[in-house]
Amino acid sequence: MHLPKAELHLHIEGTLEPELAFALAERNGVTLPYATTEELRAAYQFDDLQSFLDLYYALMAVLRTEDDFAELADAYLARAAAQGVRHAEIFFDPQAHTARGVPIGTVIEGLGRALERSEETHGVSTQLILCFLRDLSAESALGTLDAAKPYLHRISAVGLDSAEVGHPPAKFREVYEAATALGLRKVAHAGEEGPPEYIREALDILGVERVDHGLRCMEDPELVARLVADRVPLTLCPLSNVRLRTVDKLTDHPLPAMLAAGLHCTVNSDDPAYFGGYAGDNFDAVRDALALDPEQLRTLARNSFEAAFLDHDEERRARYLAEVEAYAFD
Ligand code: ADE
Ligand code: ZN
């Protein structure tokens, strides 16, 4: 669907398509444990978040140079643009690369190169969100923020991702305080597999401005009321939820109930190379499975621009919102 939208929940490493993975493997002399792209695609059967993360981290072995990261981001931006994405706030996982000996500067400068020409090349404005891996230590997160200091002009926010259960937001209080002091915005994954309490912690202890996923808030009516009252954006990823078995079938997805409750929902792709679709594909899928009408779809698109970190450029936000209102559904 080409409805103009902002993508606010997108892991750039999760856009690594099998074809590019094999091309980079060859270029960098990395051997993948799969013979063909078909064999690799056939491995995309996940039982839960961890089974996906195991493959996601393993395939990153092919990403080694600035050019690799630039190519990865450029390929994503081209695909996103073709599906109506006008603005993308892109996550990256520096610790997954520094742990393999790739310097953080290589990652950020490579991604930055693609992002800085994206408006001109693809008509997509961009921001970069540095995510901490929550299954690593709080000290490692602090060290990562420190290592990112020479590149802060390229980074607008911090996030928190990877294996959720057993790694509550409170573990990262100190690094979020440090990020606040540096003037960075704050988001965190919470309530994907973890309990509603993790969403409360992300709000109360980390001070996040958006919650990534947040699906499990629906188990806690008081929390829902608070999220509605405070208009906290939730960055939902419907196809991801089905592939990682957070919901059984797309027709069971709570998105309609969440919209009916007045939650500020947005629709995003998470790791589109692995989960069967980019942002527009996610919009198509929820329209078809959940019988969303054009006004509900328009609300989702409007929500995405309202939730974007565009406070420094309200003129741009207004332009994007006007595009949403002008969009004609066929
Ligand atoms: N890293 C990449 N995708 C993720 C997801 N859906 N949840 C947590 N961490 C992730
Ligand atoms: Zn995610």
Side-chain angles (χ1 to χ4, degrees), residues 6-17 21 44-61 63 69 72-73 76 80 88-100 107 111 127-136 140-141 144 157-169 171-172 186-195 198-199 201-202 206 208 210-217 233-247 250 253 265-279 281-282 304 307:
E7 172 130 89
L8 305 177
H9 186 155
L10 179 283
H11 303 265
I12 198 64
E13 297 90 345
T15 70
L16 180 61
E17 293 284 347
Y44 291 6
Q45 308 277 345
F46 309 115
D47 300 322
D48 55 16
L49 175 57
Q50 188 60 55
S51 65
F52 155 69
L53 290 171
D54 292 343
L55 183 61
Y56 168 83
Y57 292 126
L59 274 196
M60 288 182 202
L63 295 164
F69 286 95
L72 177 72
Y76 159 68
E89 300 187 357
I90 297 174
F91 297 142
F92 72 111
D93 287 331
Q95 290 153 295
H97 309 300
T98 53
R100 303 180 290 109
V107 181
L111 296 175
Q127 291 182 21
L128 207 47
I129 301 178
L130 182 156
C131 286
F132 305 113
L133 300 185
R134 68 200 307 155
D135 44 355
L136 299 186
S140 175
T144 301
V158 294
L160 186 63
D161 63 4
S162 200
E164 184 180 8
V165 174
H167 303 285
K171 180 176 159 186
F172 296 94
K186 291 165 289 182
V187 300
H189 284 52
E192 180 186 21
E193 286 190 343
Y198 284 17
I199 301 174
E201 278 190 18
L206 304 186
V208 301
R210 300 194 298 244
V211 175
D212 297 314
H213 294 296
L215 206 64
R216 289 191 60 191
C217 74
L234 305 180
T235 62
L236 303 174
C237 306
L239 290 175
S240 164
N241 297 151
V242 175
R243 291 297 189 101
L244 301 185
R245 308 210 186 165
T246 310
V247 302
L250 200 51
H253 200 282
C265 300
T266 66
V267 165
N268 308 270
S269 67
D270 209 5
D271 301 282
Y274 294 88
F275 299 151
Y278 286 77
D281 300 319
N282 272 268
S304 71

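In each ligand, atom 1 is the first atom listed, and ligand 1 is the first ligand listed.
- Close contacts between ligand 1 and L53 involve ligand atoms 1 (N), 10 (C) [criterion: under 4.0 Å to a heavy atom].
- One of the N, O or S atoms belonging to H11 lies under 2.8 Å away from the Zn ion (ligand 2).
- H11 CE1, 3.5 Å is the protein heavy atom nearest to atom 1 (N) of ligand 1.
- Listed by atom number, the atoms of ligand 1 under 4.0 Å from H213 heavy atoms are 6 (N).
- Residue-level proximity to ligand 1 for F91 is absent, since no heavy atom of it falls below 4.0 angstrom.
- Between F52 and Y56, the ring planes lie tilted relative to each other; the angle falls in the 30° to 60° range.
- R243 places no side-chain N or O within 3.5 Å of a backbone atom of F46 that could act as its donor or acceptor partner.
- Residues H97 and F69 bring their aromatic ring centres within 6.0 Å.
- The Zn ion (ligand 2) has no N, O or S atom of C237 inside 2.8 Å of it.
- Looking at N268, its side chain does come within 3.5 Å of a backbone N or O of L236 through a donor-acceptor pair.
- Between S162 and D135, the side chains place a donor N or O and an acceptor N or O closer than 3.5 Å (distance only, hydrogens not considered).
- Below 3.5 Å of separation, one finds an N or O of D271 facing an N or O of ligand 1.
- At least one N or O atom of D270, backbone or side chain, sits closer than 3.5 Å to an N or O atom of ligand 1.
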Under the side chain to side chain contact (heavy atoms under 4.5 Å, CB included) rule, what do L59 and Y274 come out as? Steps first, then yes or no, please.
-> CA-CA 11 Å; L59 274 196; Y274 294 88; 3.3 Å; yes
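- For atom 7 (N) of ligand 1, the choice among E192, Q50, R134 with the nearest heavy atom turns out to be E192.
- Of all the heavy atoms of E13, none lies under 4.0 Å from any atom of ligand 1, so neither backbone nor side chain is involved.
- Residue contacts with ligand 1 include S162, since one or more of its heavy atoms lies under 4.0 Å from the ligand.
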Check the pair R134 / H189 against side chain to side chain contact (heavy atoms under 4.5 Å, CB included), numbers first and verdict last.
-> CA-CA 10 Å; R134 68 200 307 155; H189 284 52; 3.7 Å; yes
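- The minimum heavy-atom distance linking A157 with K186 is given by the pair CB-N, 4.4 Å.
- Of all atoms in ligand 1, numbered sequentially from 1 with element shown, those under 4.0 Å from a heavy atom of F52 are 2 (C), 3 (N).
- Within H9, the N, O or S atom at minimum distance from the Zn ion (ligand 2) carries the name NE2.
- In the model, E192 has no side-chain atom that pairs as donor or acceptor with a side-chain atom of T246 under 3.5 Å.
- The atom of D270 that is an N, O or S and sits closest to the Zn ion (ligand 2) is OD1.
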